[in-house]
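Notes follow the structure.
Keep in mind the model is a prediction, meaning the values are calculated, not measured.
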Amino acid sequence: MTYTPTSNLLSGAARLLPPEAMDGFVKVANETLEQGFDHNECVRVAWEEVKKAYRRPDIGKVWVRKDEPGAGDVHVNAPLGGKAKKPKKETFETSSQVVKMDDNLGLVFGWAIVCTKGGQDYVDLQDDHIPEDSMLKAAADFMANSRVAKDMHAGDQIGDVVFAWPMTSEIAKSLDIETETTGLLIAMKPSADVYAKFKDGTYSGFSIGGRRIEDEEVA
């Protein structure tokens with residue numbers, strides 16, 4: 001196993017790195033691999049090196065140097081089943097934006113997963129679609145067993161997801177709620193320093209990643 005800029009081992013976020021940042025990422029990942037560390041540790045160390053000089057200006061955007069305007073996200077782990085445009089992809093990442101903040105409670109609200117928009121299946125920037133039934137199962141497992149948030153996909157826990165509401169088409173209809181979007185709504189309570197990053201625009205959303213339980217190619 002060797003890391004390259006086109007390696008299937010890299011996440012969608014890594015593929016948005018500019019060439020010079022990607023070269024550094026791959027170099028550090030391979031050096032860590034040569035020291036006998038596993039994949040998760042190689043990726044963690046590589047991201048730490050990248051984040052010293054780069055940041056992502058917005059979800060799905062190419063990473064830029066820290067001296068340029070930018071924003072990032074907070075990562076939430078969850079085991080998700082789903083359908084992928086590109087088959088045989090075992091792990092994935094899907095991102096959504098923050099929609100509201102509450103300074104009194106220190107909460108950040110937003111969509112962690114988007115399943116549909118305007119009645120159509122939503123396919124994210126990594127070509128993944130998470131069906132409502134898979135989202136519902138993942139949400140139940142996540143709130144019962146994890147609720148962990150990390151800073152930019154790495155390091156220690158920096159917050160908890162304190163509220164989560166799975167908004168499926170059926171649930172919305174049963175509650176007489178009209179919505180153009182279905183998916184998983186969450187409220188996260190991050191540490192004070194991470195909340196400040198949401199306030200100043202450094203962070204603008206959540207990304208949620210996991211291992212695919214079922215994989216089905218869709219057109």
Side-chain angles (χ1 to χ4, degrees), residues 10-18 20-22 24-25 28-29 40-78 80 91-114 122 124-126 128 130 138-139 142-143 146-165 167 181 183-210:
L10 302 184
S11 68
R15 299 184 192 285
L16 293 173
L17 291 172
E20 62 274 19
M22 175 63 81
F25 183 100
V28 171
N40 289 337
E41 184 67 8
C42 291
V43 171
R44 184 189 70 78
V45 173
W47 273 120
E48 286 185 351
E49 185 65 25
V50 166
K51 289 184 288 181
K52 291 177 181 178
Y54 292 87
R55 67 180 358 164
R56 185 162 54 178
D58 202 353
I59 301 300
K61 301 296 184 180
V62 174
W63 288 65
V64 297
R65 294 192 62 84
K66 282 189 173 181
D67 52 9
E68 300 179 41
D73 63 8
V74 166
H75 181 70
V76 181
N77 291 314
L80 299 175
T91 60
F92 59 92
E93 171 191 345
T94 183
S95 302
S96 301
Q97 291 187 323
V98 166
V99 295
K100 179 178 173 55
M101 298 180 66
D102 188 307
D103 290 341
N104 292 327
L105 297 176
L107 295 176
V108 183
F109 298 85
W111 292 96
I113 302 171
V114 174
Y122 177 76
D124 66 19
L125 293 170
Q126 280 74 50
D128 289 309
I130 310 302
F142 173 66
M143 291 303 291
S146 182
R147 298 191 290 166
V148 172
K150 294 184 178 182
D151 191 354
M152 295 300 289
H153 304 262
D156 297 327
Q157 180 177 352
I158 52 81
D160 297 287
V161 175
V162 295
F163 300 122
W165 183 259
M167 184 65 74
T181 304
L184 179 62
L185 284 161
I186 67 170
M188 188 188 77
K189 187 175 180 64
S191 60
D193 58 329
V194 173
Y195 187 84
K197 291 181 180 180
F198 278 108
K199 287 287 290 183
D200 67 19
T202 300
Y203 289 169
S204 62
F206 307 111
S207 71
I208 188 165

Can you check whether Ile130 reaches Tyr122 side chain to side chain, under 4.5 Å on heavy atoms?
no
Side chain to side chain contact (heavy atoms under 4.5 Å, CB included) partners for Val45, two or more places apart:
Val28, Thr32, Glu41
Any ion pair linking Glu48 and Arg44 (charged N to carboxylate O, less than 4.0 Å)?
yes
Non-hydrogen side-chain atoms of Trp165 and Leu184 separated by less than 4.5 Å
no
Please give me the minimum heavy-atom distance between Thr181 and Met167, naming the atom from each residue.
O-CG, 4.3 Å
Minimal heavy-atom distance between Val114 and Trp111, with the atoms involved, is CG2-CB, 4.0 Å
Mark yes or no for whether Tyr195, through its side chain, and Val108, through its backbone, hold a donor-acceptor pair below 3.5 Å.
no
Considering all heavy atoms of both residues, which atom of Ala29 and which atom of Cys42 are nearest to each other, and what is their separation?
O-SG, 3.6 Å
Restricting to non-hydrogen atoms, name the atom on Lys189 and the atom on Leu107 that form the minimum distance, rounded to 0.1 Å.
CB-CD2, 3.6 Å
